[in-house]
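Below: the structure, in C-alpha cells.
Convention: sequence-line order gives letters A, B, ...; per-chain numbering from 1. The figures here come from the full heavy-atom set of this structure, side chains too, leaving out hydrogens, waters and symmetry mates.
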Number of protein chains: 2
Amino acid sequence: MPRDLDRPAPPRATRQRAAIAAALGDAGGFLSAQALHERLRAAGDRVGLTTVYRTLQALADAGEVDVLRTADGEALYRQCASAVHHHHLVCRRCGRAVEVEGPDIEAWATATARRYRFTDVNHVAEIFGTCAACRAA
Amino acid sequence: MPRDLDRPAPPRATRQRAAIAAALGDAGGFLSAQALHERLRAAGDRVGLTTVYRTLQALADAGEVDVLRTADGEALYRQCASAVHHHHLVCRRCGRAVEVEGPDIEAWATATARRYRFTDVNHVAEIFGTCAACRAA
DNA sequence: ATGCGTGCAAACGATTTGCAGCCGG
DNA sequence: CCGGCTGCAAATCGTTTGCACGCAT
C-alpha cells in the first residue's frame, strides 16, 4: 500500500544534509551556495558542491530557508527563524541579516495592486546597508 | 586639446542604439535582453545579441532604464518615465509595469535601518501580480 | 582620420543534469 | 533490499569578452 501521497516524503537523514543545515544555521546571514560549500570544506566536511545546490534548493522549496538574489544574479540563502512572511535588513559586506516585518509594506502592496486591478499579488522588499560591525572594521 | 574629462562621452548615434531604445520604448514593460533581441529581429532590425546586452547595460548604468531580476536570475529591463527613485507593479504574465511610488516604503526602510544601526542604506521593493488584461485572456 | 560601436565566436561563472555507486530506512 | 542521496563530469544558460572591421564624428 502506497504511502500518503498528499504529504511529500520526508528528506532522508544524511551526514551531508546535517552538515549543510548546521553550517547554514550558524552562518547567521545570507550566503551563496558556493560560499557555503567552501565553509563546509574548511570545516572538514566533505560534501559535493552539487549536493549543496540540491539541498539548498530543497530547503528553499520546503520554505525552510529564504532566498534572495544579488545584483548580479547570484542566489543567496539564509535559514530564517520564522516561516511566516517577512523581509530583511541585510549587510552588504558580511551578509548578516535581521528579519524585519513591514505592516506598511503589506498594506501598500495590496492597495497599489487593487488600484491598478492586479490580482494574485505578492511582493519583495529588502533593505541593504552596512552593519555597525562592518562599518567599524 | 582634450575634451572635458569630467563628463563622460555621449553615446554615439547608431542605427542599433536607436532600434533598441525604440523597441524598449514601446514594449511598455520589463523584458529580457534575449526577448528584446527577438523582437528586433522579428521587426526586421538586424542587431547582434551582444550589442543588445552592451547597450542595455549602458542604458542601465546611465540610469535611463530600470533593471530587475527574475526569480531565476534573469535580468529584465524597462525604459522608465521618471529618473527618480520609484518602484513597480509588474504583471508576471506579460511584463507590463506601472511605476508607483511608496512614501511609506522609504520611511520604513530608513527607520528600520536606523533602529539596527545600519548605514549606507538602499532598498528594493516590487509588487508582482496578474494584470486585468492577462487575467481576461 | 580616429576611435567608439558592432558582431561573431569563444570564454565565463553559476547552476543543473546524467548516471553509477552508496547508504539510510 | 530499494530507492532516494551523492558526487563527479558534462551539459545548460544567461551574460561577458577578445578581436577585427565599419561607421559616426
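- Of the residues in residues 30-53 of chain B, those placing a heavy atom less than 4.0 Å from an atom of DNA chain D are B:Gln34, B:Thr50, B:Tyr53, in numerical order.
- B:Thr14 has no side-chain polar atom (N or O) that falls below the 4.0 Å cut-off from OP1 or OP2 of C:dC4.
- Looking only at atom types and distance, the side chain of B:Asp66 has a donor-acceptor partner in the side chain of B:His86 under 3.5 Å away.
- Remark: C1' of D:dT16 and CG of B:Asp61 are 14 Å apart, rounded to the nearest angstrom.
- We find that CZ of B:Arg15 is positioned 16 Å from C1' of C:dC4, with the value rounded to whole Å.
- Heavy-atom contacts from other residues, nucleotides or ligands closer than 6.0 Å to CD of B:Glu99 number more than 12.
- Put simply, A:Val65 and A:Ile20 are part of the same group of oily side chains (I, L, V, M, F, W, Y) that touch within less than 4.5 Å, one to the next.
- Here D:dG14 presents its C1' atom at 10 Å from CG of B:Asp72, a figure rounded to the nearest Å.
- Residue B:Ala75 is the one, among B:Ala75 and B:Ala13, whose nearest nucleotide of DNA chain D lies closer to the 5' end (criterion: closest heavy atom).
- For the OP1/OP2 pair of D:dT16 and a distance below 4.0 Å, the side-chain nitrogens and oxygens of B:Gln57 include at least one atom meeting the criterion.
- More than 12 heavy atoms of other residues, nucleotides or ligands lie within 6.0 Å of CZ in B:Arg135, so this atom counts as buried by the packing criterion.
- Note on B:Leu59 and B:Val67: same hydrophobic cluster, where clusters join Ile, Leu, Val, Met, Phe, Trp and Tyr whose side-chain heavy atoms are under 4.5 Å apart, directly or indirectly.
- Cluster annotation: A:Val100 is not connected to A:Phe30 through the hydrophobic network of ILVMFWY side chains, with a link wherever side-chain heavy atoms come within less than 4.5 Å.
- Less than 4.0 Å separates DNA chain D from no heavy atom of any residue of residues 16-25 of chain B.
- If you chain together hydrophobic residues whose side chains sit under 4.5 Å apart, B:Leu24 and B:Leu68 never meet in one group.
- Summarising the geometry, the separation between CG on B:Leu56 and P on C:dG7 is reported as 13 Å, rounded to the nearest angstrom.
- Crowding of B:Arg78 atom CZ: a count of heavy atoms from other residues, nucleotides or ligands under 6.0 Å exceeding 12.
- Here C:dG13 presents its C1' atom at 13 Å from CZ of A:Arg69, a figure rounded to the nearest Å.
- The base of D:dC5 is not paired with the side chain of A:Arg12 by any donor and acceptor separated by under 3.5 Å.
- Rounded to an integer number of Å, the gap from A:Leu76 CG to C:dA14 P is 12 Å.
- Each of B:Ile105 and B:Phe128 belongs to its own hydrophobic cluster when Ile, Leu, Val, Met, Phe, Trp and Tyr are linked at side-chain heavy-atom distances under 4.5 angstrom.
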